[in-house]
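Notes follow the structure.
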Amino acid sequence: MVLIIFSDYRNPAAEQAYDIAWNFLTRTGAIGDEFEACVFLAQRITMMVEEGQMNRIRMANRAISEYQRHVGQRDDVIRSGSRLAGGQ
């Protein structure tokens, strides 16, 4: 397992939210590609900071559910034979 560090100088709660989300997803086995998960969580949490979000638990929960939805949609595309990606 790789330890990836995320920090946002504008909001110290962002780093805590990232750590909470990462730890939860790791413990539940939801992370397949660590790099993809890192980038996804960092982008989502950064967007929340830009929206003015300050609550670390709310940011972590939202990042977790968005990641789970993202993985589910990606898996649906794979199972469907890429119909959503332009396949027949």
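Residue numbers run from 1 in the order of the sequence given. These figures come from a predicted structure and were not determined experimentally. FYI, side chains are in, hydrogens and waters are out, and symmetry mates aren't considered; it's all heavy atoms of this structure.
- Considering all non-hydrogen atoms of both residues, Ala21 and Ala60 come closest at CB-O, 4.0 Å.
- Across every non-hydrogen atom of Ala37 and Ile31, the tightest pair is CB-CG2, 3.8 Å.
- Within the 4.5 Å cutoff, no side-chain heavy atoms of Met59 are placed close to those of Tyr18.
- Closest of all the heavy-atom pairs between Trp22 and Glu34 is CH2-O, 3.6 Å.
- In this view, Glu15 satisfies the salt bridge (Lys or Arg N to Asp or Glu O under 4.0 Å) rule with no residue, not counting sequence neighbours.
- Counted within 6.0 Å of CZ on Arg27, heavy atoms from surrounding residues, nucleotides or ligands total 12 or fewer; the atom is thus considered open.
- Heavy-atom minimum distance, Asn55 versus Gln53: N-OE1, 3.3 Å.
- Nearest heavy atom pair, residue Met54 against residue Ala13, reads O-CB, 3.4 Å.
- Between Leu25 and Gln68, the closest side-chain pair of non-hydrogen atoms falls below 4.5 Å.
- Hydrophobic clustering (ILVMFWY, side-chain heavy atoms < 4.5 Å, transitive): Ile64 and Val49 are in one cluster.
- A cation-pi arrangement, defined by a distance under 6.0 Å to the six-membered ring centre and an angle within 45 degrees of its axis, is present between Arg44 and Phe40.
- Glu50 places a side-chain heavy atom less than 4.5 Å from the side chain of Arg10.
- Interatomic distance, Cys38 SG to Asp33 CG, rounded to the nearest 0.5 Å: 10.0 Å.
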